[in-house]
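Start at 1 with the first residue, then count along the sequence. Note that ligands are numbered from 1 as they come in the structure, with each ligand's atoms numbered from 1 the same way. Hydrogens, waters and symmetry mates play no part in the numbers below; they use all other heavy atoms, side chains included.
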Amino acid sequence: MRNFILFIFALSSARATAPPELFSPLVAQKVLAAAKAPLSPILFPQYTDAAVGKWLLFNGDAWATSFFPATLYEMHRRQKLCGDEHGVGGVDWLELGRTWSTGEIPSETKTGASHDVGFPFIEELKVNPRNETAKTAVKAFAMAIAKRFNVKVGCTRNGDSPGPNFQVFIDYMMNLEVLFVAEGITGNHTLRDIAIKHADTTIANQIRPDGGTWHIVEYDSGTGLVTKKRTAQGFSDDSTWSRGQAWGIYGYANMHLRTNFPRYLETARRLAAYFVSNIPSDGIVPWDFNAPTTPAPRPADSSAATIAVNALLLLSQRELTVRNSTGAQIWRNAALSILNNITRLAWRPDWESLLSNGTVDLPANNTLTGIVYGDYYFIRAGNELKELGLASC
Ligand SMILES: *[C@@H]1O[C@H](CO)[C@@H](O)[C@H](O)[C@H]1NC(C)=O
Ligand SMILES: *[C@@H]1O[C@H](CO)[C@@H](O)[C@H](O)[C@H]1NC(C)=O
Ligand SMILES: *[C@@H]1O[C@H](CO)[C@@H](O)[C@H](O)[C@H]1NC(C)=O
Ligand SMILES: *[C@@H]1O[C@H](CO)[C@@H](O)[C@H](O)[C@H]1NC(C)=O
Ligand SMILES: *[C@@H]1O[C@H](CO)[C@@H](O)[C@H](O)[C@H]1NC(C)=O
Ligand SMILES: *[C@@H]1O[C@H](CO)[C@@H](O)[C@H](O)[C@H]1NC(C)=O
C-alpha cells in the first residue's frame with residue numbers, strides 16, 4: 001500500500017512528456033514492411049546503409065539477430081496495450097515473432113554462437129510459459145554462457161576460444177538475464193550464482209571511480225588476473241563508449257530486479273549518473289562520451305540513447321521498491337529528456353528504420369545508420385511508458 005501511494009505520488013508529479021512519434025502509425029508500417037515474407041534461410045535486419053536508410057540483412061548467427069524477432073514480440077505487446085490502433089489492426093504480430101525467431105534456433109547447436117541470441121525466446125515464454133521449443137532454446141543459450149564461465153576470473157568470456165586471453169565486454173551484463181530465466185526453468189541455481197559472480201567481478205574491474213566503464217577487460221584465464229583494459233568500439237582505451245555504458249545501467253538495474261541486492265542498485269545509479277551528467281548541452285548522446293567534439297558534429301549513437309531510456313525507466317522502477325520516489329522521478333525525467341532529444345535528432349520518416357544517427361562501430365566507419373536494437377528499444381520505451389501511464393497510444 002505504501003509503495004503504491006509513493007508510486008502514485010511520483011507519477012503525479014512527473015513533468016516531462018513523451019514524444020508523439022513513439023506511437024506514430026509509421027512504427028507498425030515500417031516493422032511490418034521489414035517482417036513480410038522472410039527469406040529462407042531467414043536473414044535478419046541489423047543496420048541500414050547511411051545514404052537512404054535501407055536495411056542490410058545478415059545470417060542468423062550474427063550477434064544482433066535477436067532484436068528483430070524481439071521487435072515483433074514488442075509489437076504484439078503494443079497491440080495488447082493499445083488495441084488495434086495505428087495500423088497494427090489485423091496483424092498477427094505474435095505469429096510473425098514466432099516465425100522469425102525460428103531462424104535463430106540453428107544457432108543453439110553452434111558453439112561459437114553469440115551471447116545475445118536468447119531474447120525472443122524469453123518473450124515467447126512470457127506469452128506461453130509452456131512452449132517447449134522456447135524453453136529448450138533458453139536452456140541451450142544459458143548453458144552456452146555458463147560453459148564460458150571461469151572460476152578463477154569470476155566472469156563469462158567472449159566466445160568459446162580456449163586461449164589464455166580471456167575477454168569480458170561490458171555488454172555481457174545484458175545477457176545475464178538468460179541465466180536467470182533458465183534458472184527459473186531448470187531450478188539450477190548455479191546459473192544464478194554465475195550471473196552474480198560475473199556482475200560482482202565486473203563491479204570490481206570494469207567500472208571507473210567516476211562511474212564510467214571500460215568496454216573490455218582482459219584477464220589471464222590461468223591466474224584470473226587483469227592483464228589489460230581497453231576499447232574495441234570506443235574512442236580510446238580509457239574512454240567511455242556510450243552504448244556499453246547503457247548496457248551496463250540496464251544490466252545492473254536488472255540484477256537488482258533479480259536479486260534485490262543493494263549493491264546492484266547502487267551500481268546502476270553510479271553508471272546512470274555518469275551517463276546523464278555526461279550528455280552535452282545539446283542533449284544528444286554521443287557515440288563515446290570522451291570523443292573529441294571537434295570537428296563537429298560529433299556522431300551520435302541513437303541506439304545508446306534508446307537503450308539508456310529503457311535502462312533508466314527500469315532503474316526508476318527499482319527506486320520505487322526502496323521507497324525512493326525522488327530517485328524514481330529523477331531517472332524517469334532523465335529518460336524522457338533523452339528520448340525527446342534523440343527523437344528530435346534521429347526520427348526519419350523516409351528511411352526503412354525508425355531512427356537514424358546510430359553508430360554501429362565508429363572505428364570501422366559504420367555510423368549514421370539506422371540500427372535494429374535502436375529501433376527495438378525505441379518501440380519498447382513507448383510500451384513501457386504506456387504501461388507506466390506516462391504516454392498514450
Ligand atoms: C514456440 O516457440 C517457438 C520459438 O519461439 C516458435 O517458433 C513456435 O511457433 C512456438 N510454438 C507454439 C506452438 O506456439
Ligand atoms: C547446473 O548448471 C551448471 C552450469 O551450466 C552445470 O555445470 C551443472 O551440471 C548443472 N547442474 C545440474 C544438476 O544440471
Ligand atoms: C544525424 O544524421 C544526419 C543525417 O545522416 C547527419 O547529417 C547529422 O550530422 C547527424 N548528427 C549527429 C549528431 O550524429
Ligand atoms: C534516491 O535516489 C537517488 C537517485 O538514485 C539517490 O541519489 C539517493 O541517494 C536515493 N535516496 C535514498 C534515500 O536512497
Ligand atoms: C534535451 O536535452 C536538454 C539538455 O540535456 C534538456 O535540457 C532538455 O530538456 C531536453 N529536451 C527535451 C524536450 O526533453
Ligand atoms: C575509416 O575512415 C578513415 C578516414 O577516411 C580511414 O582513415 C580509416 O582507415 C577507415 N577505417 C576503416 C576500418 O575502414
Requested in this report: Is it possible for you to say whether Trp100 and Leu32 belong to one hydrophobic cluster, with membership spreading through side-chain heavy-atom contacts below 4.5 Å?
Outcome: yes
Query - 4.0 Å heavy-atom contact, Pro297 with ligand 3 - result: yes
Requested in this report: Look at the rings of Tyr376 and Phe67 and say which category their plane angle falls in: under 30° parallel, 30 to 60° tilted, over 60° perpendicular.
Outcome: tilted
Report task. Measure up the Tyr252 and Tyr264 rings against each other and bin them: parallel (under 30°), tilted (30 to 60°), perpendicular (over 60°). Result -> tilted
Query - Per-atom contacts of ligand 3 with Pro299, taking only distances under 4.0 Å to non-hydrogen atoms - result: 14 (O)
**Report entry** Centroid separation Tyr47 to Phe58 less than 6.0 Å
**Finding:** yes
Query raised in the report: Among the clusters formed by ILVMFWY side chains lying less than 4.5 Å apart, do Phe235 and Trp214 turn up in the same one?
Result: no
Report task. Mind checking the CD1-CZ spacing from Ile42 to Phe68? Nearest 0.5 Å is all I need. Result -> 10.5 Å
Report task. May I ask you to decide if the ring planes of Trp247 and Tyr373 are parallel, tilted or perpendicular, using 30° and 60° as cut-offs? Result -> tilted
Query raised in the report: With a 6.0 Å cut-off on ring centres, are Trp241 and Phe169 close enough?
Result: no
Requested in this report: Would you mind listing which atoms of ligand 3 come within a distance below 4.0 Å of any non-hydrogen atom of Arg298?
Outcome: 13 (C)
Query raised in the report: Under 3.5 Å, side chain of Thr369 to main-chain N/O of Ala50, donor-acceptor pair present?
Result: no
Would you mind listing each N/O atom of ligand 5 next to any protein N/O under 3.5 Å, plus the distance?
residue: ligand 5; atom: 2 (O); partner: Asn341; partner atom: ND2; Å: 2.1
residue: ligand 5; atom: 11 (N); partner: Asn341; partner atom: OD1; Å: 3.4
residue: ligand 5; atom: 11 (N); partner: Asn341; partner atom: ND2; Å: 3.3

Requested in this report: Check whether any N or O atom of Leu368, backbone or side chain, sits under 3.5 Å from an N or O atom of ligand 3, and answer yes or no.
Outcome: no
Query raised in the report: Against heavy atoms of Arg348, which atoms of ligand 3 measure under 4.0 Å?
Result: 4 (C)
**Report entry** Trp351 N/O under 3.5 Å from ligand 3 N/O
**Finding:** no
